[in-house]
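Chain letters run A, B, ... following the sequence lines, proteins first, then strands; residues in each count from 1. Below, all heavy atoms of this structure are taken into account, side chains as well, without hydrogens, waters or symmetry copies.
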Amino acid sequence: MKNFEFENPIDIAWCPGCGNFSIREILISALQELELDPTKVVFSSGIGQAAKMPQYINVNYFNGLHGRGIPVAVSIKAVNPELTVIAEGGDGDMYGEGGNHFIHNVRRNPDITHIVHNNMVYGLTKGQASPTSRKDFVTPIQINGVVNEPFNPLAVALILGATFVARSFSDEKDLTKELIKQAILHKGYSLVDIFHPCVSFNKINTFAWYKKNTYTLDESYDSSNLQNAMEKAMDTEKFALGILYKGKEKPAFHENQAAYKKEKTPMVDRVRALEKVNRLME
Amino acid sequence: MKNFEFENPIDIAWCPGCGNFSIREILISALQELELDPTKVVFSSGIGQAAKMPQYINVNYFNGLHGRGIPVAVSIKAVNPELTVIAEGGDGDMYGEGGNHFIHNVRRNPDITHIVHNNMVYGLTKGQASPTSRKDFVTPIQINGVVNEPFNPLAVALILGATFVARSFSDEKDLTKELIKQAILHKGYSLVDIFHPCVSFNKINTFAWYKKNTYTLDESYDSSNLQNAMEKAMDTEKFALGILYKGKEKPAFHENQAAYKKEKTPMVDRVRALEKVNRLME
Amino acid sequence: MRDSLTIVFSGEAGQGLQTIEDLIMKSAAPFYNVFSTSDVMSRIRGGNNTLEIRVSGKQIHAFKHGIDLLFLLNDHAYDRLHDRISEKTVILGEENFVDLDKIKEKNAKFSVLKMKELVKQAGNPIVANTILFGFVAGILKLNPEECRRLLTDKFKHLSEKIVTDNKNAFDIGFTEGGPFAFSFSIPKSDNASRYKVLNGNTAVGIGALAGGCNFISAYPMSPGTSLLEYLARMTEDFDIIVEQAEDEIAAINMVLGAWYAGGRGITTTSGGGFSLMIEGVSLSGMTETPCVIHVGQRPGPATGLPTRTEQADLNLAIHAGHGEFPRIIFAPGKLEDGVLLTQKAFFLADKYQVPVIVLTDQHFLESYGQMERLKLDKAYLTNQTIETKPGYKRYADDPTGISPRGIPGHGEGLVKVDSDEHDESGYITEDYKMRILMHEKRLRKKSLILEDYTDPELIGPKDYKHLIVGWGSTYGVLKEFIESSLHKDIAFLHIKQVYPLPEKLKDYFAGVESVISVENNSSGQMADLLKLDLDIPVTHRILKYSGEPFSIEEMERKIKEVLK
Amino acid sequence: MRDSLTIVFSGEAGQGLQTIEDLIMKSAAPFYNVFSTSDVMSRIRGGNNTLEIRVSGKQIHAFKHGIDLLFLLNDHAYDRLHDRISEKTVILGEENFVDLDKIKEKNAKFSVLKMKELVKQAGNPIVANTILFGFVAGILKLNPEECRRLLTDKFKHLSEKIVTDNKNAFDIGFTEGGPFAFSFSIPKSDNASRYKVLNGNTAVGIGALAGGCNFISAYPMSPGTSLLEYLARMTEDFDIIVEQAEDEIAAINMVLGAWYAGGRGITTTSGGGFSLMIEGVSLSGMTETPCVIHVGQRPGPATGLPTRTEQADLNLAIHAGHGEFPRIIFAPGKLEDGVLLTQKAFFLADKYQVPVIVLTDQHFLESYGQMERLKLDKAYLTNQTIETKPGYKRYADDPTGISPRGIPGHGEGLVKVDSDEHDESGYITEDYKMRILMHEKRLRKKSLILEDYTDPELIGPKDYKHLIVGWGSTYGVLKEFIESSLHKDIAFLHIKQVYPLPEKLKDYFAGVESVISVENNSSGQMADLLKLDLDIPVTHRILKYSGEPFSIEEMERKIKEVLK
Ligand SMILES: Cc1ncc(C[n+]2csc(CCOP(=O)(O)OP(=O)(O)O)c2C)c(N)n1
Ligand SMILES: Cc1ncc(C[n+]2csc(CCOP(=O)(O)OP(=O)(O)O)c2C)c(N)n1
Ligand code: SF4
Ligand code: SF4
Ligand SMILES: [Mg+2]
Ligand SMILES: [Mg+2]
């Protein structure tokens with residue numbers, strides 16, 4: 001492998017056994033299989049273990065602030081729609097600190113793929129609860145266990161009009177790869193929430209736990225039906241994996257901009273006529 | 001009237017004809033009818049036309065920052081659960097700038113009443129789109145009309161586990177009063193989203209528009225059923241007014257705190273024993 | 001004959017003072033020098049708002065406290081203005097709009113203006129302001145034909161009837177105003193037509209367009225919102241991506257994303273919103289991603305006085321962001337500055353890969369005045385980015401501190417940008433030596449930036465003994481003070497690039513007897529900066545923090561006090 | 001005999017250096033003076049982390065560069081330490097953990113420590129660190145009985161077998177370490193048992209409890225998180241409401257709500273999170289709602305070096321918030337400061353109704369040392385709030401600037417608080433005179449606050465010619481420098497309340513030949529403040545911004561350089 005993979009081995013700061021390694025492998029294969037050109041792909045990420053992903057892929061990246069991966073991704077795509085843009089981060093990053101960007105960007109429908117590594121914990125900061133932590137999860141802060149209702153990102157995305165909503169588990173490699181590929185191909189905002197075990201800080205939602213508490217949607221599932229999707233998303237007894245919903249594509253954020261209605265040239269390639277500006281002062 | 005009403009007439013900064021006036025009247029009656037003591041009621045609000053409400057009621061208030069009414073309300077209730085706490089603001093304030101607090105506090109279930117004046121526009125800043133603005137609404141910023149999917153606060157609250165979710169329209173005075181009273185009586189987080197016309201900046205969602213596009217849920221509606229509620233909340237063709245959902249009360253945020261598990265005395269009335277602290281250094 | 005006339009309209013929010021302002025400013029500008037400024041409450045209807053329009057035969061730039069001609073638009077319009085009335089004032093309004101005793105106290109004149117009747121006569125209730133426009137046009141002896149043409153242009157998109165009604169209303173007002181022309185006559189200006197009438201907001205907007213701005217993301221906040229509105233209006237003609245962000249944090253992060261990908265973005269806000277952007281400013285500093293931030297100051301702390309003016313966020317702008325990194329701060333004083341400094345902001349952000357803050361205030365943004373019709377410099381439009389080669393290193397350790405900036409998708413290299421400390425390639429590093437290398441590389445830009453320093457403007461005699469220092473919107477009042485001053489030994493230095501400051505600025509202060517800093521804040525933030533960075537001892541500070549701009553009379557009085 | 005011993009353990013994240021630290025510090029503290037500091041990467045497993053433990057017969061407080069005894073825990077543990085090795089160093093580890101040529105270069109000694117074998121001998125793979133503990137206990141001739149008791153306490157909640165295995169492992173290590181005792185023997189301390197061993201985090205936590213803290217809301221961020229964890233552990237015993245906020249903005253707003261309602265709240269974060277709180281700081285200033293903010297600094301800008309140390313956020317703390325308002329900033333240097341200043345922070349926040357920032361850094365928070373067992377002052381626990389009367393005015397214009405503060409539900413009055421400019425009752429106002437009144441009322445507190453100024457600590461001779469100024473965590477290294485220094489004319493002034501500064505501070509600098517500021521930042525932020533606010537000319541700045549603390553050797557060298 002090359003292309004999105006490095007020539008030489010790299011030092012990866014994740015813990016041995018962490019689900020992030022699988023996700024990395026899968027992600028690289030997905031990008032290769034789509035035959036994308038690394039120079040035309042950009043990752044935007046926040047801060048966290050998950051958010052270190054772009055460091056470990058041979059690709060353009062903007063590794064910004066905790067919680068702010070989405071707004072950066074949205075504007076990158078807007079000024080240059082020829083780029084494939086992926087926003088990637090952890091559950092704390094994307095649903096906690098970044099919660100407001102999550103909800104409002106689903107509404108905005110930017111043509112980006114949103115990959116969230118959901119380990120139900122804050123990994124990098126050593127084990128506090130995340131918005132997706134399940135009840136009774138004990139941590140150094142939540143000493144008597146989590147009491148807040150877990151955040152349901154898929155259901156929220158559906159309600160706010162997302163047209164591509166999927167969930168996977170890092171160990172389901174083929175499925176995950178397929179979902180990522182489809183998400184990238186889908187026009188508009190697409191969410192891929194990926195469960196993965198945090199071997200260092202989450203001793204409850206382990207590899208075995210995910211195995212036991214998830215199942216893959218089969219052929220008979222109709223992912224074009226929003227009602228079905230909502231039901232699946234709301235079911236937190238057993239978590240469905242796969243594309244929960246793939247609706248009709250809507251115009252993407254940048255397509256709605258006046259600047260792209262008349263012409264498709266990326267903003268970065270357009271030249272401003274200064275004479276026109278001078279005329280404003282006549 | 002007295003009590004929550006002022007002795008002398010006050011100068012109110014709203015526009016003549018604005019729905020906020022009705023809401024004020026209704027709110028004051030609701031508080032009176034519940035026979036609450038103004039010194040034991042606190043409003044926490046942000047910034048906006050709606051958020052000026054506490055100024056016009058004879059009550060305690062913390063009129064803080066745009067978007068931050070909820071976190072302030074939550075901690076007021078936590079340190080002194082004997083107070084009745086109401087967070088109040090506009091659609092921009094509470095769902096836009098304050099969006100992250102909205103979603104995460106529904107999960108936290110603080111025992112506060114959340115009243116949102118929903119005029120589908122930013123009033124105080126002169127007419128930009130708000131998260132609840134409908135598509136095609138033209139403003140000085142959205143010059144070709146709003147394109148984002150409107151935010152659906154009720155559906156989001158339901159999905160995140162809210163146990164009291166209601167909607168009203170400022171002109172439905174009796175209904176609104178009843179909803180506010182019930183919301184205050186309900187333990188835990190309760191949302192009352194109130195439509196009202198902004199006569200200065202929203203020429204689309206006018207008084208007549210709300211009249212035409214809303215209807216009141218009747219006796220036959222079972223508000224204890226979450227499924228029903230979700231359906232009503234998702235229906236944005238015609239907006240249902242009333243209690244969409246009233247579920248079983250759950251422990252409130254402060255009740256979940258260790259400090260209140262052993263005893264009920266408000267935190268403000270407890271005294272720290274310094275000897276105990278000194279002992280930490282032995 | 002007086003040299004200038006100060007006309008004030010006092011009414012409520014919602015009574016359309018902006019329409020009056022627009023009509024009078026546009027129609028008077030070809031013949032007179034004009035300046036207008038408003039005092040507006042943070043509400044949509046009611047309360048008390050005032051509009052001041054000054055008309056003169058020579059250049060004027062400032063708020064004047066004393067009123068020559070006052071139009072009262074309702075029965076509580078007088079209350080806040082009593083201080084500004086003198087025996088020279090003529091007050092016009094319905095009989096019941098004033099308490100005659102109060103007016104007598106000041107020996108002012110009251111002249112009944114039966115607006116209700118005139119409006120009835122005009123036959124359309126919505127033309128009241130046009131009558132007032134006509135009235136003033138009558139006093140100023142403007143060409144009625146031109147005025148009627150202006151009305152046609154303004155209203156033709158509504159209906160023909162509305163145009164006719166307005167013209168009619170204008171004529172009624174013109175006739176009523178005529179008799180006052182004699183007592184208020186002022187000389188016409190011989191060069192007024194050289195200028196364009198606009199406000200600071202539009203100036204900054206034109207500057208942004210001239211700087212190649214093709215992206216704006218902002219969250220509404222007075223007085224910053226108008227720039228967002230201006231660029232939104234320009235979207236179609238100038239190809240700009242315009243988005244109202246969900247909050248200010250999104251806004252600045254979107255701007256950074258836009259620059260990273262090769263766009264030229266700006267965000268606009270006021271102090272409160274800027275406070276939310278501080279982490280983003282630090283991100284710009286660390287990743288060396290350019291950005292332009294427009295901060296329209298208003299009185300704080302917190303929500304403060306949302307529609308009033310202050311200059312108290314200079315310190316915050318200088319220190320915004322955790323950690324240490326260079327930045328540039330411009331503070332336009334005159335309308336030309338609004339255009340030129342904003343244009344340059346984009347260029348320098350790109351060139352030095354730093355955040356650039358354009359620091360204005362409500363008074364600058366919302367006052368109208370006249371500006372030279374500029375021809376802009378094309379050089380500022382050229383992107384400073386490069387086409388990348390394979391193995392491209394975003395943070396190559398260039399001796400200047402500036403690593404050539406590539407953008408993704410343009411060239412064969414990869415553009416890797418990191419908010420953690422990173423190595424030359426943009427990978428996270430925890431190596432102390434690399435940290436020092438990269439940190440010093442970034443910090444080196446602070447002095448380099450000074451090569452492009454925008455010189456201050458010195459107004460007044462070259463052989464001054466006393467030097468007044470100002471920045472931002474105090475430009476107007478200080479220029480007018482100097483130009484009308486009898487003290488021939490006082491000059492005024494207007495600092496346009498307020499940060500960083502070069503050593504050479506010291507030359508202006510050499511051998512000076514006193515240095516007076518004039519600022520709309522309570523501590524003298526510029527005075528502090530001059531002391532700290534340049535060892536310039538400011539001997540006097542004239543400060544105002546009520547929310548109002550300085551008036552010309554107040555400035556004269558305060559400077560006299562200080563120098564006596 | 002040496003006076004102090006510097007032992008370093010080098011391994012990976014996840015190899016349990018914290019356990020070794022805890023055991024050695026606790027068991028050695030009754031007999032020796034001890035100090036420990038870690039160098040940790042921003043990752044959970046792998047990489048390279050080091051732990052330095054210093055043991056001495058007299059008080060020590062600083063990071064030492066030169067290593068006496070180095071334990072290598074893996075085959076890449078040596079790489080980053082080569083610089084710190086000398087002919088005095090003894091290195092211990094498996095044979096394949098080092099490149100003998102490199103060690104020879106430094107004339108250091110290498111002694112094989114067959115950990116794998118010893119672990120096998122102990123029969124349980126998880127006790128490796130206990131063997132190392134035993135090894136060091138052997139060298140230091142600690143009482144083995146006491147050490148075994150410590151192990152029992154630490155592991156008894158797990159299982160009896162684990163306790164036995166650990167004791168066994170300890171004995172193995174103790175036997176192995178014994179032979180080294182002679183070459184590393186140091187004098188025991190005669191007063192060590194007076195002290196408690198703790199780190200800065202715990203000190204600040206105890207201070208918060210002593211200040212009556214009953215509310216914490218924070219979002220995790222290194223190195224600020226540990227305070228949140230500490231108070232969470234104390235919830236049950238001390239009645240504290242503890243909540244992990246959704247973001248830093250929520251955190252500070254929750255803290256303000258808590259104080260408004262009568263609680264005593266704190267939030268904790270680092271520079272990036274603090275940047276997000278800036279608007280909230282301004283809100284505290286405007287509404288005069290007290291709040292306490294703990295900022296644990298780390299190297300910036302942006303994400304920077306998340307687990308390293310810096311002191312570059314003083315300027316941000318001083319200027320945080322749009323608009324102008326008073327605040328207090330404390331910077332603890334020694335552990336006692338951590339307790340006492342944090343306690344006082346709550347008291348002063350309440351008394352002056354201002355934001356109080358406790359500014360620490362990673363090095364202060366995460367280093368362990370010894371502290372006097374303090375008896376705390378009860379006065380600081382008394383609430384400064386009043387019982388309200390009908391017609392209560394929250395912002396009554398008291399000449400001092402302090403309006404008596406009521407809380408809702410306590411008394412017959414209503415407590416109305418506003419982020420807009422307000423009148424005495426707390427209603428929004430747009431009256432310019434009221435604005436001036438209220439703004440000046442708030443600003444007056446700035447000088448009043450100085451009545452409670454916490455004096456700096458002067459270390460060294462009274463008749464000094466040269467004065468070193470430091471703040472925050474440089475306390476340790478500078479104190480140790482002065483106490484071990486041969487220059488009898490140098491003293492060290494540690495400023496604890498870094499803002500605002502009183503005039504009387506100038507006395508320390510009167511007639512001094514040179515003033516040397518020592519700071520962990522690139523510009524000398526304290527030096528700037530001394531110049532700006534007190535006209536104190538700092539003649540030399542010793543600055544470090546690599547992310548590491550100053551070492552004692554480096555300090556000696558740099559001060560010599562500067563004074564030669
Ligand atoms: C503004 C800000 N707040 C807090 C942090 C500290 N922080 C870094 S990563 C992280 C959470 C990581 O959790 P998650 O996003 O779930 O990622 P994971 O490590 O679990 O993959 C936090 C709180 C930060 N870097 N910036
Ligand atoms: C941090 C910050 N950003 C922006 C603003 C400006 N602002 C004040 S009110 C408002 C929106 C008001 O809209 P909404 O909340 O819907 O209230 P309405 O006026 O419509 O009742 C905005 C953007 C502010 N005060 N603070
Ligand atoms: S801390 Fe958890 S999520 Fe992070 S790398 Fe380790 S195992 Fe993976
Ligand atoms: S602007 Fe709109 S919402 Fe605000 S007071 Fe006026 S009518 Fe009401
Ligand atoms: Mg996580
Ligand atoms: Mg609104």
Side-chain angles (χ1 to χ4, degrees), chain C residues 41-42 47 80 249 270-276 278-283 285-287 297 299-308 310 312-313 315-316 318-325 418-421 428 430-433 435-436 439-440 442-443 521-523 528 531-532 545-548, chain D residues 41-42 47 80 249 270-276 278-283 285-287 297 299-308 310 312-313 315-316 318-325 418-421 428 430-433 435-436 439-440 442-443 521-523 528 531-532 545-548:
Chain C
M41 286 189 134
S42 179
R80 304 174 79 218
I249 302 173
S270 183
F274 182 58
S275 282
L276 290 166
I278 306 293
E279 195 194 14
V281 175
S282 183
L283 178 64
M286 181 53 134
T287 60
Q297 296 167 100
T303 312
L305 292 167
T307 55
R308 300 314 206 286
E310 191 164 82
D313 297 336
N315 278 335
L316 180 61
I318 294 173
H319 298 292
H322 52 294
E324 296 166 305
F325 53 91
D418 210 295
S419 76
D420 290 85
E421 193 54 273
I428 292 183
E430 302 205 38
D431 184 276
Y432 294 128
K433 292 211 183 78
R435 153 69 176 183
I436 295 173
H439 203 33
E440 291 182 349
R442 290 187 295 268
L443 294 169
N521 61 47
S522 73
S523 58
D528 282 351
K531 173 178 175 183
L532 182 62
Y545 41 86
S546 62
E548 296 163 295
Chain D
M41 285 189 135
S42 180
R80 303 174 79 219
I249 302 172
S270 183
F274 182 59
S275 282
L276 289 167
I278 305 294
E279 195 194 13
V281 175
S282 182
L283 178 64
M286 181 53 134
T287 60
Q297 296 166 99
T303 312
L305 291 167
T307 56
R308 300 314 206 287
E310 190 164 82
D313 298 336
N315 277 335
L316 180 61
I318 294 173
H319 298 292
H322 52 293
E324 296 167 305
F325 53 91
D418 210 295
S419 75
D420 290 84
E421 192 55 273
I428 291 183
E430 301 204 38
D431 184 277
Y432 293 128
K433 293 211 182 74
R435 154 67 176 183
I436 295 174
H439 202 34
E440 290 183 349
R442 290 187 296 267
L443 294 169
N521 61 47
S522 73
S523 57
D528 282 350
K531 173 178 175 184
L532 182 62
Y545 40 85
S546 62
E548 297 163 295

Is [X] in contact with chain C via its backbone, its side chain, both, or neither, using a 4.5 Å heavy-atom distance?
X: D:Ile318; answer: neither
X: D:Tyr545; answer: both
X: D:Glu310; answer: side chain
X: D:Leu443; answer: side chain

Search all heavy atoms of [X] against all heavy atoms of [Y] and return the closest pair with its distance.
X: C:Arg308; Y: C:Pro299; result: O-CD, 3.1 Å
X: D:Ser42; Y: D:Thr307; result: N-OG1, 3.5 Å
X: C:Ile278; Y: C:Gly321; result: CG2-N, 2.9 Å

Name the member of [options] that forms the most heavy-atom pairs with chain C at distances under 4.5 Å.
options: D:Lys531, D:Glu421, D:Glu430, D:Glu279; answer: D:Glu430
options: D:Gly271, D:Ser282, D:Ser419; answer: D:Ser419
options: D:Gly300, D:Gly323, D:Ser275; answer: D:Ser275
options: D:Gln297, D:His319, D:Arg80; answer: D:His319
options: D:Thr287, D:Asp313, D:Asp431, D:Asp418; answer: D:Asp313
options: D:Ala320, D:Ala312, D:Ser522, D:Gly273; answer: D:Ser522

Can you tell me which of [options] forms the most heavy-atom pairs within a distance under 4.5 Å of chain D?
options: C:Ser523, C:Gly547, C:Pro306; answer: C:Ser523
options: C:Leu283, C:Leu305, C:Val281, C:Ile249; answer: C:Leu305
options: C:Ile436, C:Asn315, C:Ile428; answer: C:Asn315

Is it true that D:Glu548 and C:Arg435 have a side-chain N and a carboxylate O under 4.0 angstrom from each other?
-> no
Which atoms of C:Ser270 come close to chain D, meaning under 4.5 Å heavy atom to heavy atom: side chain ones, backbone ones, both, or neither?
-> neither
